[in-house]
Amino acid sequence: MDEQEAQQRAPAHALSPEAALAQYHSDPAGLDAREAGTRLAAQGPNQLPQPRRRSPLLRLLAQFNNALIYVLLASTLVTALLQQWIDTGVILAVVLVNAVLGFAQEGRAERAMEAVRRMLAPMASVLRDGQRQAVPAEQLVPGDVVLLEAGDRVPADLRLLSCHGLRVQEAVLTGESVAVDKDCAAVDAGAALGDRGCMAYSGTLVSGGQARGLVVATGTETEIGRISGLLSSVEPLVTPLLRQMSDFARWLTLLILVFAALLLAYGYFVQQLPFAELFMAVVGLSVAAIPEGLPAVLTITLAIGVQAMARRSAIVRRMPAIETVGAVSVICTDKTGTLTCNEMMVATLVSAGHCYSLSGSGYVPDGQLLRDGAPVDPATEPVLAPIATVASLCNDARLHEQDASWSVRGDPMEGALLVMARKLGLDEEELRQRWSRTDAIPFDAGHRYMATLNHDHRHRACVFVKGAPEKVLALCSGQWHPDGAVGLEREYWRSRYEAVAAEGQRVLALAMKPVPDDNRVLEFDDLDDGLLLLGLVGLIDPPRAEAIEAVAQCRDAGIDVKMITGDHAGTATAIARLVGLARPEAVLTGADLDQLDDRALIEAVRDTDVFARTSPEHKLRLVMALQASDMIVAMTGDGVNDAPALKRADVGIAMGRSGTESAKEAADLVLADDNFATLVAAVREGRRVYDNLKKVIGWTLPTSTGEALTIVVALLLGATLPVTPVQILWINLITAVTLGMALAFEPLEKRTMQRPPRRRDEPLMAGTLAWHILLVSVLFPCGVYSVFSYALGQGYTIELARTMAVNTLVVMEIFHLFFMRNFYTTSITPRAVAGTPVVWLTVALVTLGQFAVTYVPALQQIFGTAAVSLRDGLVIIGVGVALFVIIELEKQLRLRLLRMRGQR
Ligand code: ATP
C-alpha cells in the first residue's frame, strides 16, 4: 500500500491539517459556493433524521385510549343491549366529537412546536468563496471550513485547522462534563473519541476560545448521528398548570364514576327506579359532570399562545415558560441590542491633546471630523492613523456594501470601528493585507478586552489592544506620542472616559506595542509591559424607541426593570435615564457586588436598577438575590457564561440574533429580534394565556357541575328529570365544540397590563375562581328548575317544559361565556358587549343547533322536544340575563372591595 493510499484511508484525526484539507479537496479559504452546492446535492443536508410521526389514523385511534372513553363505550354497549338506540347514537357522537377534538388539539400543538423548532434552527459561520458567511447548519458539507467561537454548538464533525484556546464541552458524546482543551496536533488513528484533541464533534459546545475546522462528516455520518441517529423529538406542549389540570380531571372522573355507581345503587335499590331509565340518567350525569374536553381546550389555549408569541418573535423553548412569563415581577435585561438598537457609530475620539467628534449616519463610511468643534483634515492629525490601524486590525468584523447600502458582518461595535477608520481615510482591507494576524486573545466578558499579534511584510510585529478603558489603562505603561512614548497621564484619561461615558457613549481604549518579529504566539503576559495608550473612542448606540415604551408598560404592570450590563457605569446610567428606568442614578458595579455578602446583596438589589461592569457570574448572584425576595425573575443573556443565570432564572431569555447557542439552549424563551419590547410583548401574551386558561376552566367547570347537579337533585329527590339524559348529552356535544373553545381565543383584557403580577404561589383554583365556580354551579340548577317549574305551572306538557329547561341551560352558558370574557373588569362596556368573531361564531352555531333541536320535527322525535313560543323564549333569555346580572353584580362588588382594600 503506498503512502498516498494509506493517507486516503486514515481517519481525519490522524492526518495533519494540510493532509485533511487535501483529502477533502478543500482549501484554508473554504469551498466556493458552487462546489458546496454540488456536494450538498450529492451528500444530502447536514441533518439527523426526524423522529417519525405517527400516521394520522394512529393518532386518531390513540384518542380512544382514555378511561372516560372506555366508560362511554361500555355505556353504549349497555344502552344497545337495552335497545335504546337514540341514546347509543348520541353517546357515540359524544365519543367521536371528543376524539376529534383531542386529535385537533394534538395537531395544533404539534404544528405550533414544529414552527418553533424551525425558528430555532442553528446557523454556522463558514468560509465560502473566502468570505465569512452565516449559513443554516444543515447546509454544511464535508470540505467546508467552519469558524467556531465561545458559545457555539459545533455544527458538524470538524478536523481543527487552527485553534486559539479552544475548549469544548463534550458531555453529549463522552459523558465528561468538564470542558476539554483542543489543539491541532494529529493523534493516533486508534485514539478513543475523548482523546482526539484535534477534532470537534457535532453537537458539542464550545465553552471558550476560537477555532477553524474542516468539516469531515455531516448528518448521520457524524459521531452523534451514529449514536442517537435521531433528533430529540419536539417537546410536548405541557405546563405545570396543564399537568395539574389533567390530573385534576382524571381524579374528578374517578370520583364522578364512583359517585355515579353509588347513585345507581341508591336509585335502584332504595328508590326502586326502573334500571334502564336510571342507567341512562346516571350516564348522562357522568358525561355532564366530567370535563372531558377540558385538557384538550387548555392545550389549544397554550398552542395559540405559543403561536402568537412566535408571531411576535418570542420563541418558547420550554413550555412551562409560557405560564411563568406572565407572572414575572422583575426583568433583568442586557443593555446593548436589547434596550438599544445595537447600531453603533463612533461619535467621539480622544487623543492625548484633543477631543474629536465624527459625524455620519449608520455604517456609511462618510462623515466629517471636527477637532474641538472646528472641521479638520484627518491626515494632519498624526495620532489618528495608529488609532484607525488598531481599530481595524484588532477587529473581526467585515463591512459589506450592496446597492449603496452598508451593513456589518460580525459585532456591530467592531463594524462601527471599521467605518470610523474609513472616515479617517484608512481602508481595513489594505491594512489587513499589510499586517497579517498571527495570533489573538479573543474578547471575553471576563477580561473585557481583545488583543491581536500582527506582522507586516517588513518583519515588524505589533500587539494591538482594544477594550474597556479601565482594563486597557491598567495594562498600559505609557502613552503614544509622534516622537515616541511618554508617561501615562492616568487622571487625564480617566476624566475623559468618564465624561464620554456620561453622555451615554460606549467607550473603548486603544493601545499598541511593538514586539520582536519572532514572537508568534500571544499570551496574556505579553500585554503586561510596554503597552502604549493611543486614545479613546466613544460610540453612540441610541435606545430603541419601542424599548422606552415597553419600560413604561412594565412600570404600569408592576414589573421592575433592571439593567445588567458589562458597560461602564456612566454609559449605563445615561442609557437607563433615556429608556426611563425608575432609578437610573443608583448604580452598583461588579466590584461593588463582590463586596456584598448574600444577605446585604438581597437588600441592595431591591433598590438598584442599574448594574454596570458586571460579569456573567454576577448575573447568577443577582437572580438568586431577587428570588430570595420572592420575585419571579426574567433574565436575559447572550454569552456562553450566561447559561447558569438563565437556567436559574424563572424565565431565562436568550437573544436570537446575538446570542450564543449555549445561551439559547439554557433559555426558556428566545427573542428572535433581541428586542426588549418583544420581551414585554411575551409577558403580555403570557398574562393573556394564563387568563384564558383560567377563563376556560372557570367556564367549563361550573357548566359541567351545574348540568350534573340538575340531574343529581332530581335523582336524589326522586323528582321528574327537568332535562333528559339524551338532552344533557346533546348539550355537551354541541357546547364542547363551540362555546367551550371560544375562550381559548380571547384577546387580552383591557387592563391586563395594569394589574400587578400574580404571586408566585397563587393557586389557580383557590380564591375568586373557586368561589365563582361554586356560585355558578348552584345558579345553573336554580335557573333550570325555575323555568321547569314555571312551565309545569303553566300546564305545559313535560316535553315542552324540558325543552324550555334545556334551552335555559344553553342560554345561561352563553351569558356565562360573555361574563367570563371579562373576568377582571366590567362586562358592560361597548367593547365587551361587541364580542369577537370567534365568540359570535360559536354563539351562532349553538343557537342554530338549539333552534334545530327545538323546532325540527325529526329532531324533536329524537330528543323528545317541543316547539317553544316566542313569549317563553323571552322568559328563557330573561333567566340568562338574570344570571348575568347576579354574577356581574357580585363581580363589581368584589372589584370595589379589592380597590378599597388596595387604597387602604
Ligand atoms: P450590554 O449589557 O450593554 O449588552 P455587555 O454586558 O454585553 O453589555 P460586554 O459586551 O461584556 O457588555 O462589554 C463590556 C465592555 O467590554 C464594553 O463596555 C467594552 O468596553 C468592552 N468590549 C465589548 N466588546 C468588545 C470587543 N469586541 N473588543 C474589545 N472590547 C470590548
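As the structure lists them, so they are numbered: ligands from 1, and atoms in each ligand from 1. Computed over heavy atoms, backbone and side chain alike; hydrogens, waters and symmetry mates excluded.
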Any idea which part of [X] is under 4.0 Å from ligand 1, heavy-atom wise: side chain, backbone, both or neither?
X	result
Ile564	backbone
Met413	side chain
Asp411	side chain

Among Glu414, Arg506, Lys335, Met450, which one puts a heavy atom closest to atom 12 (O) of ligand 1?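 Heavy atom nearest to atom 12 (O) of ligand 1 belongs to Arg506.
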
Considering Lys466, Arg448, Met655, His447 one by one, which has a heavy atom nearer to atom 28 (N) of ligand 1 than any of the others? Lys466

Could you tell me whether ligand 1 has any atom less than 4.0 Å away from a heavy atom of Val507?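 True for this residue.
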
Tell me whether ligand 1 is touched by Lys471 - counting only heavy atoms on the residue side and a distance under 4.0 Å. no

Arg613 N/O to ligand 1 N/O under 3.5 Å: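 For ligand 1, there is an N or O atom that lies under 3.5 Å from one belonging to Arg613.
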
Starting from [atom], locate the nearest protein heavy atom and write down its residue, its atom name and how far away it is, to 0.1 Å.
atom	value
atom 20 (O) of ligand 1	Ala468 CA, 3.2 Å
atom 3 (O) of ligand 1	Thr336 OG1, 2.5 Å
atom 5 (P) of ligand 1	Gly566 N, 3.5 Å
atom 19 (C) of ligand 1	Leu508 CD2, 3.8 Å
atom 31 (C) of ligand 1	Phe443 CE1, 3.1 Å
atom 18 (O) of ligand 1	Asp567 OD1, 2.7 Å

Strictly distance-based, threshold 3.5 Å: is any side-chain N or O of Arg153 a donor or acceptor partner for the main-chain N or O of Leu205?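 Between the backbone of Leu205 and the side chain of Arg153 there is no qualifying donor-acceptor contact (under 3.5 Å).
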
List the residues meeting salt bridge (charged side-chain N to carboxylate O under 4.0 Å, His left out) with Arg437, not counting sequence neighbours, and say none if there are none. Asp396

Cationic N near anionic O, under 4.0 Å, Arg583 to Asp609: yes

Pair Asp567 + Arg506, salt bridge at N-O below 4.0 Å: yes

Within the 3.5 Å criterion, strictly below it, is a donor on Arg684 or Gln553 matched to an acceptor on the partner's side chain? yes

Side chains of Ser658 and Asp674: any donor to acceptor distance under 3.5 Å? yes

Can you tell which of Leu679, Val633, Val680, Val651 makes a side-chain contact (heavy atoms from CB on, under 4.5 Å) with Val328? Val651

Pairs where residues 463-477 contributes a residue and the test salt bridge (charged side-chain N to carboxylate O under 4.0 Å, His left out) is met, not counting sequence neighbours: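 Passing the test, one end in residues 463-477: Glu414-Lys466, Glu470-Arg613.
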
Name the residue from Arg422, Arg398, Lys423 that meets the salt bridge (Lys or Arg N to Asp or Glu O under 4.0 Å) definition with Glu428. Arg422

Verify the ring-centre separation between Tyr363 and His400: is it less than 6.0 angstrom? no

My question is simple, although I want it checked carefully: is atom 7 (O) of ligand 1 less than 4.0 angstrom from any protein heavy atom? no

